[in-house]
A.B. asks: 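One structure coming up, written as structure tokens, with questions to follow.
Every value quoted in this text rests on a predicted model; they were computed, and no experiment measured them.
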Amino acid sequence: MAGRFAPRPTRTTVRGGEVGVPAGVPRQATAPGKVRVWVPDGPLELGLVLGPLRRGPGDPTFRATPDGSVWRASRTPAGPGTLRVVARGGEVRGAAWGPGAEWLLDQLPRMLGADDDPSAFAPRHRLLALTRHRRPGLRLTRTGLVLESLIPSILEQKVTTIEAYQAWRLLVRKYGDPAPGPAPGRMCVMPAARTWALIPSWEWHRAGVDDKRASTILRAVRVAARLEEAAGMEPAAAQQRLELVSGIGPWTSAETVQRSHGAPDAVTVGDLHLPGIVGFALAGDRHADDVEMLRLLEPYAGQRHRAARLILLSGRVPPRRAPRMAPRDIGRL
């Protein structure tokens with residue numbers, strides 16, 4: 001993962017994102033409903049591109065398998081679908097199952113960064129130039145799906161990584177649908193908007209989700225169609241629409257459009273760790289706040305999110321000087 005330089009990565013460093021994808025022997029999957037082969041126009045690392053979509057090692061919607069494949073289970077506009085992606089020999093092969101199979105394969109190039117332009121980034125710091133040189137396969141994913149990034153981002157508001165990932169895992173496994181096709185065991189498609197709206201209050205509590213985050217999700221799924229329309233908008237306009245929902249602020253909207261839109265400039269503001277990491281990497285200032293972070297990233301206007309990802313991938317983070325935030329288990333209250 002991008003935060004592998006830390007013994008126990010924080011949510012911020014994990015978001016910087018890389019998933020280890022072993023180079024294994026391809027397995028013969030059960031006959032897929034649809035297949036697509038796509039040839040990228042440059043270097044591509046599946047683990048780097050798709051890593052930000054995984055919400056923890058136990059994410060029921062994401063799996064990286066020993067044969068070198070990445071599996072995703074998504075709820076598309078056409079219905080649930082499972083996608084298996086493997087990159088070998090300079091080409092990418094996607095296989096998909098379920099009602100959403102065709103939609104997922106149509107989206108495959110964009111999901112793997114076809115709309116992203118890494119050449120637009122001009123490094124002005126040696127650290128970023130070296131990191132980009134070492135990781136040429138970094139592209140920004142664009143899923144075209146808003147809720148599947150928005151809901152887990154809401155769950156991550158002001159809690160530890162462990163709490164957020166556990167809540168996502170428990171709720172998706174209990175209320176989601178089994179992933180179509182020959183997906184690895186226990187993979188699930190996240191619940192539909194109506195299903196999220198019908199989750200009883202005590203189940204949110206058992207999953208460790210407080211009333212504030214649960215209420216924000218409920219408000220979001222009530223206008224799910226309008227929020228999904230934002231996938232076709234420019235990132236800034238999409239963030240404005242998301243932030244019309246009470247409880248969704250700049251942090252959550254940025255975390256969402258980074259994935260749904262592949263937004264290269266959607267820098268995460270309001271994060272507990274990111275300003276200090278950026279400040280330390282670019283200016284040796286571990287106490288930088290959001291204002292200082294934005295000042296340091298100003299030379300990368302238009303590409304600030306890419307700059308932040310490269311910083312997280314560089315491994316240059318300030319040494320820890322305080323105890324970790326302790327997880328709370330509100331489900332036991």
A.B. asks: For L145 and T76, work out which heavy atoms get closest and say how close.
C.D. replies: CD2-CA, 4.2 Å
A.B. asks: Could you go through residues 227-242 and list every donor-acceptor pair under 3.5 Å that involves a side-chain atom there, pairing it with any protein atom two or more places apart or in another chain?
C.D. replies:
| unit_1 | atom_1 | unit_2 | atom_2 | d |
| --- | --- | --- | --- | --- |
| E228 | OE1 | V146 | N | 2.9 |
| E228 | OE2 | L147 | N | 3.0 |
| E229 | OE1 | R226 | NH1 | 2.9 |
| E229 | OE1 | R241 | NH1 | 3.0 |
| Q239 | NE2 | S253 | OG | 2.8 |
| R241 | NH1 | R226 | O | 3.0 |

A.B. asks: Taking I311's backbone N and O only, do any of them form a donor-acceptor pair with S314's side chain (distance below 3.5 Å, no angle check)?
C.D. replies: yes
A.B. asks: If you round to the nearest 0.5 Å, how far is OG1 of T216 from CD1 of I151?
C.D. replies: 11.5 Å
A.B. asks: Please answer: with hydrophobic residues joined when any side-chain heavy atoms are less than 4.5 Å apart, are W38 and V85 in the same cluster?
C.D. replies: yes
A.B. asks: L296 vs D285, test: side-chain contact (heavy atoms from CB on, under 4.5 Å). Steps then yes/no.
C.D. replies: CA-CA 11 Å; L296 291 170; D285 180 8; 5.9 Å; no
A.B. asks: Could you pull out all donor-acceptor pairs under 3.5 Å where a side-chain atom in residues 101-109 meets a protein atom, sequence neighbours excluded?
C.D. replies:
| unit_1 | atom_1 | unit_2 | atom_2 | d |
| --- | --- | --- | --- | --- |
| Q107 | OE1 | R110 | NE | 3.2 |
| Q107 | OE1 | R110 | NH2 | 3.4 |
| Q107 | NE2 | R142 | O | 2.8 |
| Q107 | NE2 | T143 | O | 3.4 |

A.B. asks: Determine whether V269 and L310 fall in the same hydrophobic cluster, where Ile, Leu, Val, Met, Phe, Trp and Tyr are linked whenever their side-chain heavy atoms lie under 4.5 Å apart.
C.D. replies: yes
A.B. asks: Measure across P52 and R309 and return the closest heavy-atom pair with its distance rounded to 0.1 Å.
C.D. replies: CG-NH1, 3.6 Å
A.B. asks: Take atom CZ of R173 as the centre, draw a 6.0 Å sphere, and report whether it contains more than 12 heavy atoms from other residues, nucleotides or ligands.
C.D. replies: yes
A.B. asks: For the CZ atom of R72 and the CG atom of D59, what is their distance to the nearest 0.5 Å?
C.D. replies: 9.0 Å
A.B. asks: Could you check whether any side-chain heavy atom of P275 comes within less than 4.5 Å of a side-chain heavy atom of E292, counting everything from C-beta outward?
C.D. replies: no
A.B. asks: Just so I know, are the side chains of L282 and L297 near enough to count as touching, which here means a heavy-atom distance under 4.5 Å?
C.D. replies: yes
A.B. asks: Minimum heavy-atom separation for P99 and G79, please, with both atom names.
C.D. replies: CB-CA, 4.3 Å
A.B. asks: Determine, stepwise, if the pair E255 / Q258 fulfils side-chain contact (heavy atoms from CB on, under 4.5 Å).
C.D. replies: CA-CA 5 Å; E255 287 289 308; Q258 287 168 7; 3.7 Å; yes
A.B. asks: Less than 4.5 Å apart, side chain to side chain, heavy atoms only: is that true for L313 and L48?
C.D. replies: yes
A.B. asks: Would you call R213 and E163 a salt bridge, taking side-chain N to carboxylate O under 4.0 Å as the test?
C.D. replies: no
A.B. asks: How long is the gap from CH2 on W204 to CG on L218, to the nearest 0.5 Å?
C.D. replies: 5.5 Å
A.B. asks: Could you see if L170 belongs to whatever hydrophobic cluster contains V159? Use Ile, Leu, Val, Met, Phe, Trp, Tyr and a side-chain cutoff under 4.5 Å.
C.D. replies: no
A.B. asks: Counting distance only, does the side-chain N/O of T252 pair as donor-acceptor with the main-chain N or O of I154 below 3.5 Å?
C.D. replies: no
A.B. asks: Can a donor-acceptor pair be found, under 3.5 Å and without considering hydrogens, that links the side chain of R75 to the backbone of M190?
C.D. replies: yes
A.B. asks: Does R55 count as lying over the ring of F62, i.e. NZ or CZ under 6.0 Å from the six-ring centre, within 45 degrees of the axis?
C.D. replies: no
A.B. asks: Answer yes or no: is there a side-chain heavy-atom contact under 4.5 Å between S260 and E148?
C.D. replies: no
A.B. asks: I'd like to check M293 versus D271 (side-chain heavy atoms, cut-off strictly below 4.5 Å). Are they in contact?
C.D. replies: no
A.B. asks: Could you give me the CA-CA distance, side-chain angles and deciding distance for L171 and W196, then say whether side-chain contact (heavy atoms from CB on, under 4.5 Å) is met?
C.D. replies: CA-CA 9 Å; L171 292 169; W196 284 110; 4.0 Å; yes
A.B. asks: Hey, are the side chains of L83 and V70 touching, using non-hydrogen atoms and a 4.5 Å cut-off?
C.D. replies: no
A.B. asks: Evaluate the criterion side-chain contact (heavy atoms from CB on, under 4.5 Å) for residue pair L138 and F121; output intermediate values, then yes/no.
C.D. replies: CA-CA 12 Å; L138 173 64; F121 181 77; over 6 Å; no
A.B. asks: Nearest 0.5 angstrom please: I217 CD1 to K212 NZ, how far?
C.D. replies: 13.0 Å
A.B. asks: Of all heavy-atom pairs between V19 and G51, which one has the smallest distance, and what is that distance?
C.D. replies: CG2-CA, 3.5 Å
A.B. asks: Is R206 salt-bridged to E203, cutoff N-O under 4.0 Å?
C.D. replies: yes
A.B. asks: Using a strict threshold of under 4.0 Å (side-chain N to carboxylate O), is an ion pair present between K158 and D210?
C.D. replies: no
A.B. asks: Keeping S153 on the side-chain end and S149 on the backbone end, is there a donor-acceptor pair under 3.5 Å?
C.D. replies: yes
A.B. asks: Could you grab the distance from atom NE2 of H287 to atom CZ of F280, nearest 0.5 Å is fine?
C.D. replies: 10.5 Å
A.B. asks: Under 4.5 Å between any side-chain heavy atoms of P264 and Q303, yes or no?
C.D. replies: yes
A.B. asks: Is D116 reaching over with its side chain to a backbone N or O of L140, donor-acceptor style, under 3.5 angstrom?
C.D. replies: yes
A.B. asks: Quick check: closest heavy atoms across T195 and Y175, and the distance to 0.1 Å?
C.D. replies: CG2-O, 3.7 Å
A.B. asks: Taking the inter-plane angle between the rings of H125 and Y300 on a 0 to 90° scale, is it parallel (under 30°), tilted (30 to 60°) or perpendicular (over 60°)?
C.D. replies: tilted
A.B. asks: Under a 3.5 Å distance rule, please check whether D177 uses its side chain to pair with a backbone N or O of V189 as donor and acceptor.
C.D. replies: no
A.B. asks: Could you tell me whether the side chain of P60 reaches within less than 4.5 Å of the side chain of M187, counting heavy atoms only?
C.D. replies: no
A.B. asks: Do V223 and V257 land in one hydrophobic cluster if side-chain heavy atoms of ILVMFWY residues count as linked below 4.5 Å?
C.D. replies: yes
A.B. asks: Where is the tightest heavy-atom contact between A224 and A193, given as atom of each residue plus distance?
C.D. replies: CB-CB, 3.7 Å
A.B. asks: Mind checking the OG1-CH2 spacing from T61 to W71? Nearest 0.5 Å is all I need.
C.D. replies: 14.0 Å
